[in-house]
Amino acid sequence: MHRSLLLALNDVSPQNLSIFDPVSPPAEAIHQLSMLVLAITGGIFLVVEGILIYSLVRFRSPHNPRNGEPPQVYGSQPIEIAWTAAPALIVFVLALVIVRTEWEVRGDPEKLQPELKESKPLRVTAIGHQWWWEYVYESFGDEKLDFLTANELHVPASNRQVPSERRPVYLTLKSADVNHSFWVPRLAGKTDLIPGRTNTMWFETGQTGVFVGQCAEYCGTQHANMLLRVSVDPPEQFEKWLDNERANALESDDAAIRKGKQVFLAQSCVNCHRVAGTSAHGKVGPDLTHLMGRATLAGGTLDNDRKGENLRRWIEDPQTIKPGCLMPAFGLSASDLDGVVRYLSSLE
Amino acid sequence: MSVAEQPRVEAPPWTATLNEWTATVDHKKIGLLYICMSVVFLVVAGVEALLMRWQLIVPRNTFLSPQIFNQMFTMHGTTMVFFVGMPILIGIGNFVVPLQIGARDMAFPRLNALGFWVTLFGGLLVYFSFLTGSAPDFGWFAYAPLTERTFARGPAADFWSLGLIVSGIGTVTAAVNFVATILGMRAPGMRLWKIPFFSWTILWTSVQILLALPPLTAALFMVVFDRQLGAHFFDAQTGGSSFLWQHLFWFFGHPEVYILILPGFGMIAEVIPVFSRKVLFGYEFMAAATMAIVFISMGVWAHHMFCVGMSRTLDLYFAGASLLVSIPTGIKMFNWLATMYGGKLWLASPMLFACGFLSLFLIGGLTGIMLAAAPFDFQLSDSYFVVGHFHWVLIGGTLFATFAGLHYWYPKATGRMLSERIARWQFFLLFVGFIVTFGPMHIAGMLGMPRRIYTYDANRGWDIWNQLATVGGLIQAPSYLLFVYNIIVSLWKGRPAGDNPWDAWTLEWATTSPPPPYNFEEIPTVHSRRPLWDLRHPDDPDWQYE
């Protein structure tokens with residue numbers, strides 16, 4: 001288990017969240033700045049600790065008043081000026097680099113990089129809820145999308161060398177209740193979601209795969225389980241996902257599933273959850289239209305095992321899995337529970 | 001001659017002792033009361049920290065429920081800042097400042113007593129929330145709207161706000177008292193630029209308290225109005241602004257950090273010269289650096305808010321201003337090192353803690369530079385890196401300095417020496433345990449671990465760093481117990497101290513240990529910053545060089 005610091009920081013497993021392993025321009029710019037800052041502070045550290053340790057070794061002396069006192073030095077103006085000026089110079093250099101990085105990270109990329117006009121950007125509004133993420137897909141290129149999904153953000157991979165194949169992702173960040181913060185360390189630094197404010201952030205990556213993170217601003221009881229998953233898909237796969245996701249929920253002919261759907265629609269599930277194409281229009285909880293398209297359940301807390309076992313556990317008693325979460329146990333009968341699980345398991 | 005040979009006097013009844021300590025207006029007794037209160041709260045908040053560390057030792061642990069964990073970190077932070085950090089520094093100031101400047105008491109002795117009792121009751125008020133079934137669980141900076149009735153349904157948020165309002169009154173009275181005492185009651189000959197360095201930092205800490213505390217009190221009243229009177233200051237759904245709370249809180253919260261560290265700087269600037277046997281190098285620059293820190297640090301608060309989506313201009317202003325603080329802080333560091341350089345370093349317990357302070361506070365300062373670099377902060381903010389950073393500043397800085405001060409002045413306060421052997425064990429356990437606890441937190445943060453999570457998944461590479469941190473906590477814990485044991489047992493078992501056991505040079509060492517209620521039989525006249533040096537070296541007094 002024990003690995004050296006260096007190995008741990010460079011670990012490139014699927015669950016890598018290291019800020020030193022960036023795959024998107026904002027995270028890369030920050031990474032560069034961080035290397036410079038670490039080098040400067042590391043240098044200062046070595047010099048000052050060195051002087052301290054040298055003094056401790058060289059000037060240590062058991063106290064004996066009869067030996068007399070060392071020469072008293074009251075100060076020196078030139079020395080004071082020197083060690084005021086040196087840090088001031090370092091601060092000045094740092095400030096210049098910070099200005100540049102700030103522009104790269106927080107500047108509007110469409111203004112700073114004219115070639116992005118040829119790209120096909122994905123625009124998504126992310127809304128933080130106590131303890132899950134709502135994603136409203138606004139547009140992809142010139143195409144309006146306007147559909148909802150939850151907890152797992154899918155974005156296309158970008159080819160950063162060819163302007164027309166670039167796929168930057170622009171997020172608009174809002175909150176439905178308290179403060180949250182969107183943090184997927186390998187894609188970008190964090191940006192808060194604050195009630196009554198609208199924030200923005202962006203990222204763009206050529207590396208496909210799943211990038212994880214989690215809410216970084218304390219938001220109440222289940223802050224720890226407000227997990228983020230960003231799936232960067234190859235372009236064709238992303239468009240396929242998009243086509244599936246924007247459609248209404250699948251209608252099944254299977255009698256058991258239809259029965260389960262009736263149970264679902266008759267219960268109070270629909271007060272909070274939405275399934276597009278049915279009478280379930282709830283907006284308090286996550287959208288379930290294509291629940292089986294997701295790798296996880298319960299805001300990332302459970303694997304979506306496809307056999308419905310975790311889904312069943314979750315619906316049966318959410319409070320043991322995510323204590324304090326806003327979904328109560330409804331005390332469904334075993335057959336109703338089977339039906340609901342069967343129905344939700346059909347929502348590909 | 002020793003104390004043991006003196007004839008025993010009949011002990012006064014315990015009611016008389018109780019009355020003496022509760023009704024006292026003597027600055028020394030009030031100072032000790034502050035310190036005792038802080039040590040008790042230190043142990044309580046330490047236990048809260050250990051409970052959290054135990055929960056985080058393995059992924060998906062179920063030792064604490066999320067509700068309890070969230071209450072623990074809220075109470076730990078609130079307690080450490082408001083009921084340990086500030087009162088222990090105010091307590092040391094209370095005891096030392098009048099002695100150091102040659103005064104018989106604080107300027108307003110009864111206000112002083114009020115300040116202590118109000119601070120204590122404020123602390124108890126916050127803790128009473130446990131009796132209502134639930135302590136506050138919104139973090140020590142209590143971001144709105146988590147404090148609104150919608151999200152904090154029980155009375156815990158009311159206890160929290162009222163407790164801090166009440167104790168805030170105590171803090172402000174202490175600050176008023178310090179300013180009046182230091183400006184108005186110095187011994188003859190002690191010009192403002194000749195006051196001992198600790199008193200100088202207490203003066204500027206008080207100024208900062210007066211600037212920073214009232215905004216917090218106002219903001220807390222707004223919380224109470226929101227909750228009890230249906231106001232909507234922080235409720236975005238009805239036109240308020242949760243964002244406003246962040247500005248109001250950090251306008252207090254950042255200066256608070258300097259309120260907690262400046263007196264520490266002062267204690268270090270007393271201890272290092274005495275135990276290096278040299279005069280403080282560059283007093284004037286140190287004094288000016290203190291003022292610079294106070295003024296600059298009033299304008300850096302929003303560096304806690306880089307991720308809220310401020311404009312680039314604001315981000316850069318707050319980053320630049322925050323970096324500026326490092327210049328006067330650096331000046332202090334260099335002057336301390338220059339004081340040690342060429343001296344005769346006597347590594348008694350106060351000096352050990354002072355050297356611990358120098359080596360650790362430096363790191364806290366450097367990680368502070370990383371956090372001030374705004375874009376870097378977009379990654380580090382609200383991660384475990386920040387938790388590591390501010391503990392490095394508040395333990396490596398404030399607490400090590402406080403221990404240096406407590407070990408330095410304990411003989412003056414009690415007339416007895418602390419056990420050096422226990423003090424050494426305490427120091428090394430704390431030094432090692434501290435690094436093992438808070439070092440790994442920086443790494444966990446850079447690996448993406450956010451703060452304030454009650455649990456985490458196993459596959460994120462955070463386990464080992466959390467395990468180390470917990471082990472470090474277990475190493476630290478006995479260190480605090482040793483300290484409590486040492487200060488209690490040495491009251492009886494300690495070697496008699498005499499007036500001036502460290503051969504120190506400021507006025508508090510000119511009177512007896514413990515000092516009489518009136519402090520000095522005759523108020524001395526001073527000519528320099530080191531009056532006892534002048535007495536001992538009449539051929540080469542300090543005033544020639546100042």
Side-chain angles (χ1 to χ4, degrees), chain A residues 1-2 8 11 15 17-19 30 33-34 37 41 44-45 48-49 51-52 55 59-61 63 65 69-70 72-75 80 83-84 87-88 91 94-95 98-99 101-102 105-106 178-179 181 185 189-192 194-197 199 213-214 216-218 220-224 323-324, chain B residues 65-67 70 139 143 145-146 151 236 241-243 277-279 281-282 285 307-309 312 315-316 319-320 323 326-327 330-331 334 337 340-347 355 358-359 362 366 369-370 373-376 378-379 382 446-448 450 452-455 459-461 464 503 545:
Chain A
M1 271 307 284
H2 191 91
D11 185 354
Q15 294 283 34
L17 292 84
S18 171
I19 65 168
I30 295 173
L33 172 71
S34 71
V37 177
T41 49
I44 299 173
F45 170 77
V48 178
E49 297 284 359
I51 297 172
L52 176 64
S55 306
F59 300 113
R60 185 173 176 184
S61 150
H63 182 60
E69 306 283 21
Q72 302 293 305
V73 186
Y74 291 82
E80 297 284 352
W83 64 43
T84 308
V91 163
L94 260 179
I98 289 170
V99 171
T101 313
E102 172 80 18
V105 176
R106 281 283 198 254
V178 300
N179 295 346
S181 192
K190 56 186 81 60
T191 309
D192 292 351
I194 297 173
R197 272 174 81 87
N199 279 333
Q214 63 190 82
E217 185 67 78
Y218 177 69
T221 313
Q222 276 295 339
H223 167 56
Chain B
S65 71
Q67 290 88 349
N70 297 342
Y143 271 6
L146 283 172
F151 301 103
S241 165
S242 63
F243 185 56
R277 310 309 304 156
K278 274 179 69 193
V279 66
F281 191 93
F285 285 87
C307 299
V308 302
R312 276 166 294 178
D315 274 359
L316 292 173
L323 286 176
S326 67
I327 298 173
I331 293 175
F334 295 133
L337 288 173
M340 288 170 67
Y341 198 91
K344 289 185 172 175
L345 306 188
W346 175 15
L347 295 185
C355 292
L358 289 181
S359 62
L362 169 72
L366 293 175
I369 290 179
M370 299 179 199
F376 200 0
F378 299 155
Q379 289 284 22
D382 276 312
M446 292 190 286
L447 293 177
R452 298 179 165 178
I453 54 174
Y454 76 96
T455 193
N459 54 6
R460 305 202 154 192
I464 181 69
D503 276 333
Y545 307 101

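Because the structure is predicted, anything quoted here is derived from the model rather than measured. A note on names: the letters A, B, ... follow the listed sequences, proteins ahead of strands, and every chain is numbered from 1.
The number of heavy-atom neighbours closer than 6.0 Å to CZ of B/Arg312, taken from other residues, nucleotides and ligands shown, is above 12.
With a 4.5 Å cut-off on non-hydrogen atoms, B/Tyr341 touches chain A through its backbone and its side chain both. Residue contact with chain A, scored on non-hydrogen atoms closer than 4.5 Å, involves the backbone and the side chain of B/Ser359 alike. For a residue to count as touching a neighbouring chain, one of its non-hydrogen atoms must lie under 4.5 Å from one of that chain's; by this rule A/Arg197 touches chain B with the side chain only. At a 4.5 Å heavy-atom cutoff, the contact between B/Leu347 and chain A is made by side-chain atoms alone. Using a 4.5 Å cut-off between heavy atoms, A/Val73 touches chain B through backbone and side chain atoms alike. For A/Val105, the part lying near chain B is the side chain, with the backbone staying farther off; criterion is any non-hydrogen pair under 4.5 Å. Contact of B/Ile331 with chain A is made through backbone and side chain together, with heavy-atom distances under 4.5 Å.
Interatomic distance, B/Leu337 CG to A/Leu52 CG, rounded to the nearest 0.5 Å: 6.0 Å. The line from OG of B/Ser242 to CD1 of A/Ile194 is 6.0 Å long, rounded to the nearest 0.5 Å. Atom CZ of B/Phe376 is separated from atom OG1 of A/Thr101 by 11.0 Å, given to the nearest 0.5 angstrom. The line from NZ of B/Lys344 to NE2 of A/His63 is 10.0 Å long, rounded to the nearest 0.5 Å. Atom CG of B/Leu366 is separated from atom CD of A/Glu49 by 8.5 Å, given to the nearest 0.5 angstrom. Here the CD atom belonging to A/Glu69 is positioned 4.0 Å from the CZ atom belonging to B/Arg277, to the nearest 0.5 angstrom.
No side-chain heavy atom of B/Asp382 sits under 4.5 Å from any side-chain heavy atom of A/Ser181. B/Phe378 places none of its side-chain heavy atoms less than 4.5 Å from the side chain of A/Thr191.
Of the possible donor and acceptor atoms, none in the side chain of B/Lys278 sits under 3.5 Å from a partner among the backbone N and O of A/Gln72. At distances below 3.5 Å, not a single donor-acceptor pair connects side-chain atoms of B/Gln67 with backbone N or O atoms of A/Thr221. Side-chain atoms of A/Asp192 never come within 3.5 Å of backbone atoms of B/Gly309 as a donor-acceptor pair (strictly under, hydrogens ignored).
Residue A/Phe59 comes nearest to B/Met340 through the heavy atom pair CD1-O, 4.1 Å, listed as atom of the first residue, atom of the second, then distance. Shown here for B/Gly343 and A/Pro70, the closest heavy-atom pair between the two residues is CA-CG, 4.0 Å. Minimum heavy-atom separation, B/Pro375 to A/Ile30: O-CD1, 3.4 Å. Between B/Pro145 and A/Pro195, the shortest heavy-atom distance links the atoms CD-CG, 3.9 Å.
Side-chain contact, A/His223 with B/Asn70: no donor N or O sits under 3.5 Å from an acceptor N or O.
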